[in-house]
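As the structure is a computational prediction, the values presented were derived from the model and not from experiment.
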Amino acid sequence: NIPKEGQVAIQVYDLTGKMAYQHTQVYQAGRNSLTIDAGDIQGSSGVYYYRISSGDKSITKKMILIE
């Protein structure tokens, strides 16, 4: 959920902190979604962290990629 229209950056990092994927786009206010193809992530199956940033707010969560 995006509170107001603006640029949103999504980064995926591996456990060493290396960026494995990045996406930046302007999104409309409200509920949005993005599908990431596992082939776009530079790495293999394992644990990754993703960060979603918009304006002065950001959130980081853990995810598991299984190929």
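Shortest non-hydrogen contact noted between Gln11 and Ser53 is OE1-OG, 4.5 Å. Of all heavy-atom pairs between Glu5 and Val26, the closest is OE2-CG1, 3.9 Å. Between Lys62 and Tyr50, the shortest heavy-atom distance links the atoms O-CE2, 4.1 Å.
Note on Leu34 and Met19: separate hydrophobic clusters, where clusters join Ile, Leu, Val, Met, Phe, Trp and Tyr whose side-chain heavy atoms are under 4.5 Å apart, directly or indirectly. Hydrophobic clustering (side-chain heavy atoms under 4.5 Å, transitive across Ile, Leu, Val, Met, Phe, Trp, Tyr) keeps Tyr13 apart from Val47. A continuous path of hydrophobic side-chain contacts links Ile2 to Ile52 [ILVMFWY only; heavy atoms under 4.5 Å]. Linking ILVMFWY side-chain heavy atoms closer than 4.5 Å, directly or via other members, places Val12 and Leu15 in two distinct hydrophobic clusters.
Summarising the local packing, CD1 of Ile64 is surrounded by 12 or fewer heavy atoms from other residues, nucleotides or ligands at distances under 6.0 Å.
Note that OG of Ser54 is 11.5 Å distant from CG of Asn1, once rounded to the nearest 0.5 Å. Atom-to-atom distance recorded for Gln22:CD and Thr24:OG1 is 4.5 Å, nearest 0.5 angstrom. Atom CD1 of residue Ile10 and atom OG of residue Ser58 lie 12.5 Å apart, to the nearest 0.5 angstrom.
In this structure the side chain of Tyr48 reaches within 4.5 angstrom of the side chain of Ile41, judged on heavy atoms.
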Check step by step if side-chain contact (heavy atoms from CB on, under 4.5 Å) holds for Tyr21 and Ile36. CA-CA 9 Å; Tyr21 176 84; Ile36 300 172; 3.7 Å; yes
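A donor-acceptor distance shorter than 3.5 angstrom exists from the side chain of Asn32 to the backbone of Gly30, with no hydrogens or angles considered.
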